[in-house]
Amino acid sequence: MADPAAVAKMDKIVALCKRRGFIFQSSEIYGGLNGAWDYGPLGVELKRNLKDYWWKCMTQLRDDIVGFDGSILMNRAVWKASGHEATFSDPLVECMLTQKRYRADQIEPQSGTVYHYEGIILPPSEGEQHLYHEWAKSVGITVKGFESSSRPDNAKPLLLPFSVLVAKGKGEAAAAKVASQFYKLRGYEDFKLNLYGVEEVENSTKFNPENGAELSPPRIFNLMLKTYIGPVQDDSAITYLRPETAQAMFVQFKNVLDVSQKKLPFGIAQIGKAFRNEINPRNFTFRSREFEQMELEFFVKPGTGPEWLEKWKEERLAWYEEVGIPRAKIHVLTVPDKDRAFYSQGTYDLEYEFPFGVQELEGIAHRGNYDLKQHQEHSGKPLEYFDEELKQKYLPEVVEPSAGVDRTVLAILCEAYAEETIKDEESGKEETRVVLRFAPRIAPVKAAVFPLLKNKPELVAIAKNVYKTLQPLMKVFYADSAAIGRRYRRMDEVGTPFGITIDFETLEGVKEASTSATGAPITVGQKETVTLRHRDSMKQERIAIADLPAYLLAKTS
RNA sequence: GCGGGCGUAGUUCAAUGGUAGAACGGUAGCCUUCCAAGCUACACACGAGGGUUCGAUUCCCUUCGCCCGCUCCA
């Protein structure tokens, strides 16, 4: 995120989220917890609307998908079978010279000559040289004369081993150059290198292909959060907080199939928390250690995975459009073979243009029959599907659209956030309007109801009535404090699509004929109408109170 | 995990080795006939812990968190 404007925008979104109650830092009064976030009153409505809409699209509007809610804790054997325990970890190595990190399994093997240095010898000060000769003798090396006698106080000879690989026949000079850099980077300027060994190696992955410098031993970062079940915290009690919701659906595939009266292709949908011990949570809620997933496991006949992968890609792209993320802002990445998970036979990543970069919202993977096969083998229980038409048993293939809830919420916030410069026509003064242009169906609050003036009881009474009428139908908000303009702007800032104002024309009848928001005519003198104010355009029109429920329901569902 | 930067109110910004201020925002009241008006009052901050000091928000250390880069990303 090198772009300062993008950083500024992100900062504003984070500040708005806190100020208006969308998202708070977890454990804030105790200094926070890296990678964990809480959703406040508005955030939870937004997130719930998003999840509800996904759930509805998956399980209600389709005949071929059923819902599911698996436990977060599962038998450890699940994670052994799925491969997570063995492979959900990254062995990382670090270049000793540049301190850059690499995946250990991605280091190209090197052949050549390795020069082993044991350390460096600092020039002693006058009168201390004999001490250094003694030290050198004790470690079995020879110290020759020093050109310079300047050295920092407190400096000691350094026994810091470092090895360098150079191409065969290239000679020590090249190695010494790299080693010198290594020691210089640690603050030692005037020294002699102590070479204590030379060896030839073949296909070694212990050296950085870029500069020949030694790499640190691989360190394993297990991305699953380990926990213990029961009172005794020994190895037999270990399990993990699930790193993805998918496995419960594979493990229960047979049970769900048996009770659902479904034939292939059919899917199991689940929304739930998952946990990953991310090395480096970053970018607000984007990379968190605790997060929520919306996952679909769609089981299909063998050989039909590729076509379903395409279908689901299109299906999901259309869905994002419906929650306010335009197709143009989503990048479809066809994950290349080398980057794909080992079980995957094809993966699309749907990525959104966040202010901090283009990042993944959802992965759609053709997982083959890997998962069912693993669980069938490890559990010893048959998980095959009996195909009535073909009269044969087989393990279905699965296509998995797996979306991040929190990431999608964040994308929606980023996409909705807008600042407008408004010019006041009377005074000519310019001001900034902040507005969240949420798609109405996911907006946390659908409409706000206002009496134009608080100190006119007749307006307040009707406003409260309208509020109570709408309340059972949708999330509405009532406010009577402050000037009407200020109330509108507050609603803009949290993305409420409609403002409803009860004014004097509600009581006395309208002064000018107009067309209602519903398209019906509004005649002069007509009572029981209100001002309907639109968030995005700030335009106002009249609508009969009686028409409000149907109108708003149609516009916000 | 490494390197760099930064932590004073919700936000933006002051000041200070000795009582922490403002603006905007917030709450309440008054007023107000449609886009952050006005008046009055109120609430809210030195991220945490330790050290130095008679006294630390200020100096030092540690830690936590945030931002940027690297790295990583089922």
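These figures come from a predicted structure and were not determined experimentally. Every heavy atom of this structure was used, including side-chain atoms; hydrogens, water molecules and symmetry mates were not.
Rounded to the nearest Å, the gap between the C1' atom of B/C66 and that of B/C60 is 23 Å. Taking the C1' atoms as reference points, B/U16 lies 16 Å from B/A22, given to the whole Å. Of the P atoms belonging to B/G3 and B/A43, the separation is 46 Å, rounded to the nearest Å. If you take atom C1' in B/C59 and the same atom in B/C70, they sit 33 Å apart, rounded to whole Å. B/A45 sits 9 Å from B/A9 when the P atoms are compared, rounded to a whole Å. The separation of B/A20 from B/G69, taken at their P atoms, amounts to 39 Å, rounded to a whole angstrom. For the C1' atoms, the distance from B/C6 to B/C13 is 15 Å, rounded to whole Å. Comparing B/G25 with B/C39, their P atoms sit 12 Å apart, to the nearest whole Å.
Positionally, the nearest nucleotide of RNA chain B for A/I422 lies more toward the 5' end than for the other of A/I422 and A/F284. Ranked by how close their nearest RNA chain B nucleotide is to the 5' end, A/E360 and A/T531 are led by A/T531.
Picking from B/G65, B/C35, B/U33 the nucleotide with the shortest atom distance to the side chain of A/M538 gives B/C35. Minimum atom distance to the side chain of A/L452 is reached by B/U33, of the listed B/C67, B/A28, B/U33. The side chain of A/H84 approaches B/A74 more closely than any other nucleotide in the set B/C70, B/C35, B/A74. Minimum atom distance to the side chain of A/F504 is reached by B/U33, of the listed B/G29, B/C66, B/U33. Side chain of A/W37, nearest nucleotide from B/C30, B/A36, B/C66: B/C66. When distances run from any side-chain atom of A/R276 to the nucleotides B/G29, B/C35, B/A74, the shortest one goes to B/A74. Among the nucleotides B/C70, B/C30, B/A36, the one closest to the side chain of A/E493 is B/A36. In the set B/C35, B/G26, B/A74, the nucleotide with an atom closest to the side chain of A/E244 is B/A74. In this structure, of B/C30, B/C66, B/U33, it is B/C66 that holds the atom nearest to the side chain of A/Q25. Minimum atom distance to the side chain of A/N455 is reached by B/C31, of the listed B/C31, B/C35, B/C72.
Interface remark: the A/R487 side chain does not form any donor-acceptor pair with the B/C35 base, using a distance-only criterion of under 3.5 Å. Not a single donor-acceptor contact under 3.5 angstrom links the side-chain atoms of A/R486 to the base of B/C35. For B/G1, the base has a donor-acceptor partner in the side chain of A/N280 [N/O atoms by modelled type, under 3.5 angstrom].
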Report the C-alpha distance between A/K47 and A/D406 in whole Å, list the side-chain angles of each, state the deciding distance to 0.1 Å, and finish with yes or no for salt bridge (Lys or Arg N to Asp or Glu O under 4.0 Å).
CA-CA 8 Å; A/K47 189 177 181 183; A/D406 307 83; 3.2 Å; yes
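Each of A/Q540, A/E541, A/R542 was evaluated against A/T531; a single residue qualifies, A/R542, per the side-chain hydrogen bond (donor to acceptor under 3.5 Å, both in side chains) test. Tested against A/W37 for a ring pair (Phe, Tyr, Trp, His ring centres under 6.0 Å), the candidates A/F24, A/F284, A/F22 yield a single pass: A/F284. Checking A/R437, A/K12, A/R433 one by one against A/E419, the salt bridge (charged side-chain N to carboxylate O under 4.0 Å, His left out) holds for a single residue, A/K12.
As a whole-Å value, the separation of A/R433 CZ from B/A36 P is 11 Å. Separating the CD1 atom of A/I23 from the P atom of B/C66 is a distance of 14 Å, rounded to the nearest angstrom. Atom CZ of A/R282 and atom P of B/G69 are 8 Å apart (whole Å). Whole-Å rounding puts the A/E420 CD to B/C35 C1' distance at 12 Å. Atom pair A/F450:CZ and B/U32:P shows a separation of 20 Å (rounding to whole Å applied). Atom CD in A/Q293 sits about 9 Å away from atom C1' in B/A74, given to the nearest Å. One atom, CG of A/L296, and another, P of B/A74, lie 20 Å apart when rounded to the nearest Å. The distance between atom CG of A/L223 and atom P of B/G1, rounded to the nearest whole Å, is 14 Å.
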Please list, for nucleotides 4-14 of chain B, all pairs of protein and nucleotide N/O atoms separated by less than 3.5 Å.
none

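Judged purely by distance below 3.5 Å, without hydrogens or angles, the side chains of A/Q247 and A/S82 never pair a donor atom with an acceptor atom. Judged purely by distance below 3.5 Å, without hydrogens or angles, the side chains of A/Q345 and A/Y370 never pair a donor atom with an acceptor atom.
No aromatic stack links A/Y30 and the base of B/C64, using centre distance under 5.5 Å and interplanar angle under 30°.
At a threshold of 4.0 angstrom between heavy atoms, the contacts of A/K456 with the nucleic acid are absent. Among the protein residues, A/D11 comes within range of no part of the nucleic acid, since none of its heavy atoms lies under 4.0 Å from any strand.
A ring-centre distance under 6.0 Å is found for A/F354 and A/Y352. For A/Y348 and A/W312, the distance between ring centers is not under 6.0 angstrom.
Ring geometry, A/W308 versus A/F298: the interplanar angle falls from 30° to 60°, so the pair is classed tilted. Using the six-membered ring where Trp is involved, A/F498 and A/H534 have ring planes that are perpendicular, over 60° apart on the 30 and 60° scheme.
In this view, A/T408 satisfies the side chain to side chain donor-acceptor pair (under 3.5 Å) rule with no residue, not counting sequence neighbours.
With a cut-off of 3.5 Å on both pairing distances, the Watson-Crick and G-U wobble pairs of RNA chain B assemble into stems of 3 or more at B:1-7 with B:64-70, B:10-13 with B:21-24, B:26-30 with B:38-42, B:47-51 with B:59-63.
Between A/N465 and A/I502 there is no side-chain heavy-atom pair separated by less than 4.5 Å.
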